[in-house]
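Some notes on the structure that comes next.
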Amino acid sequence: MSPAEEAPELGDAFFARPVGEVADDLIGCELIAGDAAGIIVEVERYEESDPASHSHRGPTPRAAVMFGPPGHLYVYRSYGMHWCLNLVCEPEGRGAAVLVRALAPTRGIERMRARRPRARADRDLCAGPGRLTEALGIDGTLNGRALGGEVRVHARRGAVALVRGPRIGISRAVERPWRVGLAGSGHLSRPFPAPAEAR
DNA sequence: CGAATGATGGTCT
DNA sequence: GACCATCATTCGT
């Protein structure tokens, strides 16, 4: 069998663009973390002008990484027990990032099962921001690290169909449809709301 | 199916 | 002291 051609690895130029563009373009890309990997099927975008964003109040100690160079990891603790993975976007000085919310596992599935023994089905391994970091072994020690080391992202191959909807788990700016997903994916953290019927 | 809830600790006012 | 960019479980319909 001929060796699969590796998709190019995404670098700083990819992430230095507007966060909305990056969010769309990350859907369908493969995220690799050490011994496991998956296709990104769901993300959310956060930016400085957004009241729901950690960067909204400026570069506080926690949010400082969001204002740093693009193509770096912002990993924060959620509800005292989960880790959430973001990819910093836009030129240095702007507080924007994309939250990775769900993956379709591709490699290291046995490792993921070992790290998440309570996940019943494979579809639950990476269906949620806290779940996927646990499955991939990502924690706060990676906060502020550059992509290309322990964590890498490979470019998407073909075209993908996107779905949009309101973000999950926030209480402010809920009306902004800044959650993006891969249409028809069975690995989402939750279904997207059905489009409003025309009548 | 959905709603309710406890776990558990950092961050910011 | 309030608020969480969550998850797994339990209980109700």
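Below, read A as the first sequence line, B as the second, and so on, with proteins coming before strands; counting in each chain starts at 1.
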Verdict with reasoning, A:L31 to A:L136, per side chain to side chain contact (heavy atoms under 4.5 Å, CB included): CA-CA 10 Å; A:L31 177 78; A:L136 296 182; 3.9 Å; yes
Touch class at under 4.0 angstrom, heavy-atom based, for A:R167 against every strand present: nothing
Nearest-nucleotide comparison on DNA chain C, the residue closer to the 5′ end among A:D124 and A:R62: A:R62
Residues, nucleotides or ligands: over 12 heavy atoms within 6.0 Å of A:R17 CZ: yes
From C:dA5, C:dA8, B:dT13, nucleotide with atom closest to A:R57 side chain: B:dT13
Residue A:R131, side-chain heavy atoms: nucleotide from B:dA7, C:dA8, C:dA5 that is nearest: C:dA8
Spacing between A:R101 atom CZ and C:dC7 atom C1', to the nearest angstrom: 11 Å
Donor-acceptor pair between A:E42 and A:S185 side chains, under 3.5 angstrom: no
A:S171 side chain, from C-beta outward: closest of B:dT13, C:dA5, C:dC4: C:dC4
N/O (side chain, A:T60) to phosphate O (OP1/OP2, B:dC12) under 4.0 Å: yes
Ring centroids of A:Y79 and B:dG9 base under 5.5 Å with planes under 30°: no
A:R111, CZ atom: more than 12 neighbouring heavy atoms under 6.0 Å: no
Integer-rounded Å distance: C:dT10 P and A:R120 CZ: 9 Å
Neighbour count above 12 (heavy atom, 6.0 Å) for A:R113 CZ: yes
Minimum heavy-atom distance between A:R179 and A:S189, given as atom pair plus value: NH2-OG, 3.8 Å
For atom NE2 of A:H82 and atom P of B:dT8, their distance in whole Å: 11 Å
5' precedence on DNA chain C between A:E134 and A:R172 (nearest-nucleotide basis): A:R172
Sugar-phosphate only, base, or nothing, as touched by A:G80 at under 4.0 Å among non-hydrogen atoms: base
Whole-Å distance separating the CZ atom of A:R190 from the C1' atom of C:dC7: 13 Å
Nearest-nucleotide pick for A:R116, side chain only, options being C:dA5, C:dA8, B:dT8: C:dA8
Atom-to-atom span, NE2 of A:H54 to P of B:dT11 - whole angstrom: 10 Å
Nearest-Å distance for atom pair CG/P, residues A:D139 and B:dT8: 18 Å
Interatomic distance, A:R123 CZ vs C:dC7 C1' [rounded to whole Å]: 17 Å
A:Y46 vs A:H54, side chain to side chain contact (heavy atoms under 4.5 Å, CB included): CA-CA, chis, key distance, verdict: CA-CA 8 Å; A:Y46 289 88; A:H54 293 167; over 6 Å; no
Sugar-phosphate only, base, or nothing, as touched by A:I170 at under 4.0 Å among non-hydrogen atoms: sugar-phosphate
For atom CG of A:L132 and atom P of C:dA8, their distance in whole Å: 12 Å
Secondary-structure stems for DNA chain C, with pairs counted as Watson-Crick or G-U when both distances are under 3.5 Å and runs at least 3 long: B:1-7 with C:6-12, B:9-12 with C:1-4
A:R77, nearest nucleotide to its side chain (from B:dC12, B:dG10, C:dT6): B:dG10
Nearest non-hydrogen partners of A:D50 and A:R45, listed with the distance: OD2-O, 4.2 Å
Closest to the A:L99 side chain, choosing from C:dA5, B:dC12, C:dT6: C:dA5
